[in-house]
Amino acid sequence: MSLSGLCRVTESLFLSNAASASTQSLLRNHHITCVINVSLQCSTCSLPDLEYLHFSVADTPDTSLSDYFETMTDKVHKVEASGGCTLIHCSAGISRSPTLCLAYLMRYRGLSLLAAHVHLKTCRPIIRPNLGFWRQLITYELDLFGKNTVHIINSPVGLIPSIYEAEIRNMIPF
């Protein structure tokens, strides 16, 4: 696990921030063949034989990131099938790119949203999709599996995904 470098999610999928995604040595050392950037800024990093996709996406709760779930997960799957590795990144590697990794883990690895989050959190502990992205992931899980393992709940700090409930309880003194 590396918070500043590339975090391995699966054998062929990596997650990072923009700075790491622009480091040619990291891309070469991890045999990255496709970089997917889901931020407003476009990177200047280019290597021979590196496919680079940029989707201009804001990190706001009203951004419809789910519009990209099928396209992105299919792309990661196709790159893996061809023997390549994909790096998905946004600015900080905390909200947008982890959301897409969670969608991939559900669709192509058959993990529930809860299990996908547990796995991804072990790879990159700082992930924290925004509430709008959580809502979209919850809808996607229901579409894929016909049930939900994560729900949006009321808490003392407002609406949160149910997986953060214990964390919030531990923060608030009684």
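What you see is a predicted model, and the numbers here were worked out from it, not measured in a lab.
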### Task
Please examine the side chains of Glu51 and Lys75, heavy atoms only from C-beta on, and report whether any two atoms are closer than 4.5 Å.
yes

### CZ-CG distance between Arg28 and Leu50, expressed to the nearest 0.5 angstrom
10.5 Å

### Message
For Tyr164 and His117, take the angle between the two ring planes, folded into 0 to 90°, and tell me which bin it lands in: parallel under 30, tilted 30 to 60, perpendicular over 60.
### Response
perpendicular

### Query
Are the side chains of Met72 and Leu53 in touch, meaning some heavy atoms are under 4.5 Å apart?
no

### Query
With respect to Thr99, which candidate in Leu65, Asn130, Leu120, Ile94 satisfies the side chain to side chain contact (heavy atoms under 4.5 Å, CB included) definition?
Leu65

### Query
How many angstroms lie between SG in Cys7 and CG in Leu13, if you round to the nearest 0.5 Å?
10.5 Å

### Message
Assess the residue pair Ile36 and Val76 against the criterion (side-chain contact (heavy atoms from CB on, under 4.5 Å)); give the C-alpha distance rounded to whole Å, side-chain angles, the decisive distance to 0.1 Å, and a yes or no.
### Response
CA-CA 9 Å; Ile36 299 174; Val76 172; 4.2 Å; yes

### Task
Go through the steps to decide whether Ser91 and Arg96 satisfy the test side-chain hydrogen bond (donor to acceptor under 3.5 Å, both in side chains), and finish with yes or no.
CA-CA 9 Å; Ser91 296; Arg96 290 167 283 191; 3.3 Å; yes

### Query
Taking the side chain as C-beta and beyond, is there a heavy-atom pair between Ile32 and Leu6 under 4.5 Å?
yes

### Task
Give the minimum heavy-atom separation between Glu141 and Leu114, together with the two atoms involved.
OE2-N, 4.4 Å

### Summary
Rounding to 0.5 Å, atoms OG (Ser66) and CG (Leu137) come to a distance of 8.5 Å

### Query
Which distance, rounded to the nearest 0.5 Å, do you find between the NE2 of His31 and the CZ of Phe14?
8.5 Å

### Query
Counting distance only, does the side-chain N/O of Asp74 pair as donor-acceptor with the main-chain N or O of Lys78 below 3.5 Å?
no

### Query
What's the shortest heavy-atom distance between Gly93 and Pro98, and which atoms?
O-CG, 3.5 Å

### Message
Show the nearest heavy-atom pair for residues Arg8 and Cys123, with the distance to one decimal.
### Response
O-SG, 3.3 Å

### Task
Decide yes or no on side-chain contact (heavy atoms from CB on, under 4.5 Å) for Val57 and Cys90, but give the supporting numbers first.
CA-CA 9 Å; Val57 178; Cys90 54; over 6 Å; no

#### Entry: Residue that, paired with Tyr140, satisfies ring-ring contact (aromatic ring centres under 6.0 Å, His included) out of Tyr104, Phe133, Phe69
Phe69

### Query
Is there a side-chain contact (heavy atoms from CB on, under 4.5 Å) between Leu15 and Ile127 once you walk through the steps?
CA-CA 10 Å; Leu15 168 63; Ile127 67 164; 4.2 Å; yes

### Task
Could you grab the distance from atom SG of Cys34 to atom CG of Leu87, nearest 0.5 Å is fine?
9.0 Å

### His54 side chain to Ser39 backbone, donor-acceptor under 3.5 Å
yes

### Task
Find out whether Leu113 and Asn148 are in side-chain contact, i.e. whether some heavy atom of one side chain is under 4.5 Å from a heavy atom of the other.
no

#### Entry: Atom pair OG1/CG of Thr149 and Leu142 - distance to nearest 0.5 Å
10.5 Å

### Message
Within the 4.5 Å heavy-atom criterion, are Ile153 and Leu159 side-chain neighbours or not?
### Response
no

### Message
Please find the pair of heavy atoms, one from Ser112 and one from Phe145, that lie closest to each other, and give the distance.
### Response
CA-CE1, 4.3 Å

### Message
Can you confirm whether Tyr68 sits close enough to Val38 that some side-chain heavy atom of one is under 4.5 Å from a side-chain heavy atom of the other?
### Response
no

### Query
Can you check whether Asp49 reaches Thr33 side chain to side chain, under 4.5 Å on heavy atoms?
no

### Query
Would you say Trp134 and Leu111 are hydrophobically clustered, going by side-chain heavy atoms of ILVMFWY under 4.5 Å?
yes

### Query
Under 4.5 Å between any side-chain heavy atoms of Arg135 and Ile152, yes or no?
yes

### Query
Is there a donor-acceptor contact under 3.5 Å from the side chain of Thr63 to the main chain of Ala58?
yes

#### Entry: Main-chain N/O of Leu102 paired to His119 side chain as donor or acceptor, under 3.5 Å
no

### Query
Taking all non-hydrogen atoms of both residues, which atom of Val150 and which atom of Ser162 are closest, and how far apart?
CA-OG, 3.6 Å

### Query
So which heavy atom on Gly5 is nearest to which on Ser16, and how close?
O-CB, 3.7 Å

### Query
Any donor and acceptor pair, going by atom type alone, linking the side chain of Thr23 with main-chain N or O of Ser25 inside 3.5 Å?
no

### Query
Linking I/L/V/M/F/W/Y whenever their side-chain heavy atoms sit closer than 4.5 Å, directly or via other members, would Leu105 and Val79 fall into one cluster?
no

### Query
Any donor and acceptor pair, going by atom type alone, linking the side chain of Glu11 with main-chain N or O of Glu80 inside 3.5 Å?
no

